[in-house]
Structure formats: C-alpha cells, structure tokens
Amino acid sequence: MIGIFYFSATGNSLYISQKIREKMGGKIIYIPTYTGNGSEFDKIIVVSPIYSAGLPVHVYDFLPRLDKEKELYIVLNYGGMVGGADYFAYEYARQNGLNVKSVFALKMPENYTLTFTVPNFYLKRVLESADKRIERVISKISRGEPALPKKKRTKEKIYYKNKANWHLIGERFSVSEDCIGCGKCVGLCPAQNISMENGKITFGNVCVACLGCYHRCPQKAIRYLRKKKRDRYINPRIDENLIGKNLD
Ligand SMILES: Cc1cc2nc3c(=O)[nH]c(=O)nc-3n(C[C@H](O)[C@H](O)[C@H](O)COP(=O)(O)O)c2cc1C
C-alpha cells in the first residue's frame, strides 16, 4: 500500500493527496499527528506546500524520521515561486539518507496573502488548470519514472531565516470583535499555538506560519497586523473538515 503523507493549512495539498489516492490508491495521513516512520507502506509520497523556498516546520521535522529503505516521492506545491525549494527538498531528503525517487513542484492557488490580495479570477484560473498538472505528476509517479530537480541557486538562506522567525507571526495576529469564541482556530492549529482563556483567543510563541487559523476562521476575525483585509482562501474542491484528518 502507498502512504500519502500531507501537510496542509488551506487544502491544496489535501486536494492533491486525494487526487493521488483516486488514481493510485493508498492511505492519506496528516503529518503533524503521525508518529511512525512509514515502514508499514510499500512506497511513500509526501505532499507539502512550499514555505519561503523551503518546507513547513512539520515536514522538515518529519522527513528525517522516515524509513530509509522505502521509495520516496515528494510532491511540493506553491503559489507563485518555487525559489529552488524542489532542489532544497531533494538535497535535504538525500542528506538524511532517504531513497528519493522524484521531487515535483506544482502551482496551486496562493495562500500567503497576509499583505496582498490575489484576484479571485486568477485563483480560479490556477485552480482550473491544476488538475492537468496534478495528473502529469501522478502518471510520472505511477510509471516510477525518476524525476530529480537540477541543482540551481537555492534560496536556502531565505528559508532558514524565515523559519527562524515564523514563530513571530503569532505575535502579529490579533482577534477582532467579530470573534464568536467558537474555538475552531484552537482545534485546527497544528502547533497547538492558540488557546482560549475566558472566551478570549491568545496566540503563543510556537506559530509555524501555516495561516490555517487566519484563512479558516468562520468570522474572518483573525487579523494580521490589525489589517482589515477580508480575502481568505480555502481550496473550494475539498471538504474543509477533512484538513488535518487521515483518510483510509
Ligand atoms: C508561510 C508560507 C510561506 C509560503 N512561501 C511560498 C513560497 O516561497 N513560494 C510560493 O510560491 N508560495 C509560497 N506559499 C504559498 C503556498 O505554498 C501555497 O499556496 C500552497 O499551495 C498552500 O498549500 P495548502 O493549501 O496545502 O496549505 C507560502 C505559504 C505560506 C503559508
């Protein structure tokens, strides 16, 4: 059986994982709650967003734990710029002794929209064309065709610099008077960085910058730097309640 391991805050990586499972079968597993090493699977596919030309903290911590014998396929997705993340991920996996067969990078709708707005027509266009890109990747994985990224000037430094500062994003979030105290953000945060005390939401200092709380608050009550931006993104082709779940 194939193990499809994913990290996702706004559903793009889950959507890709579901497409892979539709064509190839397998089990979908949410990385932050998985404690094993993948040895129960014949083949491992990791589906992850690109963060600052690198990987999310959870994926970065998860890869070295994986069974080194298993064939590993990494499917990254990004909103605008790969920035060498595919090569970075390949090198990182290789340095950790993993049996990397392929690394892909796929364009999906952008969710790093704290300071700018992506027009809806563009998000729609990217999403509409995504299936073709996903299918190409799936057929390469199915054929077992090796596809390794070429060495390029990576943005490793940007990645490490941002990673070291991601926890600070939590300090820049605040909750507006629209908050109804539903606690959804507390439950979905993969880093357990959000708590509710006496009905009031507070952010801790271990934010991983996934932006799940920001995008998925039903009241759009979570604000970044107190900006009154209203645009939020959740992949419209998935059931949002499945983000963070394992799917058999
Ligand atoms: C902290 C953070 C950093 C990001 N960095 C990049 C980046 O360097 N390049 C890029 O093209 N997209 C970047 N993105 C956008 C996501 O990679 C993209 O929207 C992805 O599809 C989101 O996946 P998800 O819906 O599964 O969470 C970033 C998003 C976040 C939250």
Side-chain angles (χ1 to χ4, degrees), residues 4-20 28-32 45-60 62 74-89 103-118 122-127 129-131 133-134 137 149 152-170 172-173 188-191 193 206-216 222 224 229 231-245 247:
I4 307 164
F5 291 91
Y6 79 103
F7 181 77
S8 189
T10 57
N12 290 340
S13 308
L14 175 61
Y15 179 69
I16 296 168
S17 303
Q18 287 182 324
K19 286 274 167 200
I20 294 173
I28 297 179
I29 297 166
Y30 182 56
I31 290 172
I45 303 177
V46 172
V47 185
S48 167
I50 288 175
Y51 281 5
S52 294
L55 304 170
V57 171
H58 288 89
V59 179
Y60 185 74
F62 166 70
I74 301 177
V75 181
L76 303 175
N77 65 99
Y78 64 98
M81 243 174 22
V82 179
D86 50 354
Y87 188 74
F88 171 72
V103 182
F104 304 95
L106 275 171
K107 187 170 166 73
M108 291 296 283
E110 175 68 69
N111 74 352
Y112 196 79
T113 51
L114 296 173
T115 52
F116 63 94
T117 301
V118 182
Y122 187 69
L123 286 174
K124 217 169 142 227
R125 191 193 288 172
V126 173
L127 195 60
S129 57
D131 282 358
R133 293 188 287 277
I134 298 170
V137 166
K152 36 189 113 99
R153 259 170 15 117
T154 78
K155 297 264 172 69
E156 247 170 70
K157 284 198 184 119
I158 296 181
Y159 168 67
Y160 283 120
K161 183 165 164 260
N162 285 347
K163 180 176 177 269
N165 290 302
W166 276 331
H167 63 283
L168 298 173
I169 284 192
R172 295 178 182 169
F173 283 133
L188 65 78
C189 175
N193 190 49
V206 291
C207 178
V208 291
C210 74
L211 312 187
C213 59
Y214 176 78
H215 286 288
R216 292 168 59 196
I222 296 181
Y224 178 70
K229 272 175 105 265
D231 59 304
R232 299 290 188 273
Y233 174 78
I234 300 170
N235 184 305
R237 296 186 175 181
I238 49 126
D239 171 356
E240 188 208 328
N241 296 317
L242 297 181
I243 304 176
K245 301 267 177 351
L247 307 175

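In each ligand, atom 1 is the first atom listed, and ligand 1 is the first ligand listed.
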Closest approach of any protein heavy atom to atom 1 (C) of ligand 1, naming residue and atom: Ala209 O, 3.2 Å

For Gly54 and Ala85 the tightest heavy-atom approach is N-CB, 3.9 Å

Proximal atoms of ligand 1 relative to Ser8 (non-hydrogen, under 4.0 Å): 24 (P), 25 (O), 26 (O), 27 (O)

Distance filter under 4.0 Å to Met108 heavy atoms, resulting ligand 1 atoms: 21 (O)

With a 4.5 Å limit on heavy-atom distance, are the side chains of Tyr112 and Tyr51 in contact? no

As an exercise, identify every atom of ligand 1 less than 4.0 angstrom from a heavy atom of Pro109. 18 (C), 19 (O), 21 (O)

Under 3.5 Å, side-chain donor or acceptor atoms of residues 237-245 against the rest of the protein: list the pairs with distances, not counting sequence neighbours.
| unit_1 | atom_1 | unit_2 | atom_2 | d |
| --- | --- | --- | --- | --- |
| Arg237 | NH1 | Tyr15 | OH | 3.3 |
| Arg237 | NH1 | Asp131 | OD2 | 3.4 |
| Asp239 | OD1 | Asn241 | N | 3.0 |
| Asp239 | OD1 | Asn241 | ND2 | 3.4 |
| Glu240 | OE1 | Lys184 | NZ | 3.4 |
| Glu240 | OE2 | Lys184 | NZ | 2.6 |
| Glu240 | OE2 | Arg216 | NE | 2.8 |
| Lys245 | NZ | Asn241 | O | 3.0 |

Examine Phe88 together with Tyr159 and report whether their ring centres are nearer than 6.0 Å. yes

So, do Pro49 and Tyr78 sit near enough that their side-chain heavy atoms are less than 4.5 Å apart? no

closest protein heavy atom to atom 20 (C) of ligand 1 is Asn77 OD1, 3.2 Å

Tell me which protein heavy atom sits closest to atom 10 (C) of ligand 1, plus the residue, atom name and distance to 0.1 Å. Met81 O, 3.3 Å

Students should be able to answer this: which protein heavy-atom is nearest to atom 22 (C) of ligand 1, and at what distance? Asn111 ND2, 3.4 Å

For atom 15 (C) of ligand 1, what's the nearest protein heavy-atom neighbour? Residue, atom name and distance, please. Glu110 OE2, 3.1 Å

To the nearest 0.1 Å, how far is atom 25 (O) of ligand 1 from its closest protein heavy atom, and which atom is that? Thr10 OG1, 2.5 Å

Tell me, which protein residue and heavy-atom name are nearest atom 5 (N) of ligand 1, and how many Å apart are they? Ser52 N, 2.8 Å

Could you check Leu76, Thr10, Asn77, Ile50 and say which one makes a side chain to side chain contact (heavy atoms under 4.5 Å, CB included) with Met108? Asn77

Test item, Asn235 contacting ligand 1 (heavy atom, 4.0 angstrom): no

Which residue and atom name correspond to the protein heavy atom nearest atom 6 (C) of ligand 1, and how close is it? Ile50 O, 3.3 Å

Mode of Pro56 contact toward ligand 1 - side chain, backbone, both, neither (heavy atoms, under 4.0 Å): neither

Taking all atoms of both residues into account, what is the closest heavy-atom pair of Ile222 and Phe173, and its distance? CG2-CD2, 3.8 Å

Against heavy atoms of Ala53, which atoms of ligand 1 measure under 4.0 Å? 8 (O)

Decide yes or no for Ile74 and Phe5: does some side-chain heavy atom of the first lie under 4.5 Å from some side-chain heavy atom of the second? no

Below 4.5 Å, heavy atoms only, C-beta onward: do Phe104 and Val75 meet side chain to side chain? yes

Min heavy-atom dist Gly83 to ligand 1 below 4.0 Å: no

What pairs with Tyr30 under ring-ring contact (aromatic ring centres under 6.0 Å, His included), at least two apart in sequence or on another chain? Tyr6

